[in-house]
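Some notes on the structure that comes next.
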Amino acid sequence: MLSVENLHIRFRTGDGMVHAVNDVSFEVGAGRQIAVVGESGSGKSQIALAIMGLLAKNAEVEGRIMWNGQDLLAASNREMNRIRAREIGIVFQDPMSSLNPYMTIERQLTEIVEYHEGLSRRDARARALQVMDAVRISDAKARLRAYPHEFSGGMRQRIVIAMALMCQPKLILADEPTTALDVTVQAQIMRLLADVQRDLGTSVVLITHDLGVVAGFCEEVVVLYGGRIMEEAETIALFDRPTHPYTRGLLSAVPNIKDPSDALTAIPGSPPSQHRFPQACPFAPRCVDAVDVCRDTLPALRQGRACLRPVEELT
Ligand SMILES: Nc1ncnc2c1ncn2[C@@H]1O[C@H](COP(=O)(O)OP(=O)(O)OP(=O)(O)O)[C@@H](O)[C@H]1O
Ligand SMILES: [Mg+2]
């Protein structure tokens, strides 16, 4: 359904080029849930913004983003508006930035479909009640009259998901939808996204820096580092047998509930400079397994891993 092909995103800045996303490819099938995982600055949000056609003005993009046979990077503004309104929804990390504090919840939900689908006020309201139900907000009739500040953080995030659902999209891009929430509410929102996926068949791309939230939710994981894919695998396989040193490092930074005595380790060092297109493995400077060749050769992604070292030889 969605196929990102050799996507490159660069930004022109006063300091030269920033290579934010370098040759990223992945696919999302109908009804699938995939996670894009990586630390801050790895290029996650820019991939989502590129799909929505919302990159900053100083961006240069290369590659293709195929959506049901159409290249979104070549689509007109008008066409992108239609796709954003009807086919692909986005949910951001901070619900307050997507909600208008001066408008009732009802108006924020109904405006979208009145404008984009020409629904009457009455039909729009009926749809709003349906999506409030889908995001498990009880007493929806009364709550539609409320303003965003009258809701808790978790409820606001549900409203933002409801907004994305108003247009009955085929795909939802969820960009760190739970980061601002406490752990129990996080779990509820993840469960909600899973229910939405199951009940409505919506595909989900979950963007997160937290491998921990991926496990129970996504079927497949794409691990990004320095704007490149390091590893790509089915979630179960990735947790069972990570084959890239970076993924191994990330996993040993996730607490192990079964064995709390298991030490948490941090990956030493800091993310790479993005002022040059990578000429070598971007993770090599921080990699415990790096050898000389890693520092001057850029590994290609083969069989789901971009690493020059054989798996058997990793520490
Ligand atoms: N308009 C811009 N001009 C220059 N550089 C930019 C611009 N927008 C983003 N970048 C850079 O692109 C890189 C990737 O940014 P991105 O927002 O995708 O990171 P991220 O993985 O979403 O991180 P986080 O987890 O912090 O949200 C960063 O180094 C960022 O500074
Ligand atoms: Mg981001």
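The figures that follow rest on heavy atoms only: side chains count, while hydrogens, waters and symmetry mates do not. When a ligand or atom number is given, it counts from 1 through the structure's own listing order.
Residue Ala56 has no nitrogen or oxygen atom sitting less than 3.5 Å from a nitrogen or oxygen atom of ligand 1, judged on distance alone. Checking only distances, Ser45 does come within under 3.5 Å of ligand 1, N or O to N or O. On a distance-only criterion, Val18 and ligand 1 share no N/O pair closer than 3.5 Å.
Distance from atom 6 (C) of ligand 1 to its nearest protein heavy atom, with residue and atom name: Phe11 CD1, 3.4 Å. Nearest non-hydrogen protein atom to atom 12 (O) of ligand 1 is Ala20 CB, 3.3 Å.
Within the coordination shell of the Mg ion (ligand 2), defined by N, O or S atoms under 2.8 Å, Ser40 is absent.
Heavy-atom contacts from other residues, nucleotides or ligands closer than 6.0 Å to CG of Leu54 number more than 12. In Arg145, the CZ atom is not crowded: 12 or fewer heavy atoms of neighbouring residues, nucleotides or ligands sit closer than 6.0 Å.
Test Glu231, Arg309, Arg248 against Thr243 for side-chain hydrogen bond (donor to acceptor under 3.5 Å, both in side chains) and you get one pass: Glu231.
Within the structure, ligand 1 has Gly43 among the residues with a heavy atom less than 4.0 angstrom away.
Aromatic ring pairs are classed by plane angle as parallel below 30°, tilted from 30° to 60° and perpendicular above 60°; the pair His244 and Phe283 is tilted.
With hydrogens and angles left out, the side-chain atoms of Asp182 and Thr184 include a donor and acceptor closer than 3.5 Å.
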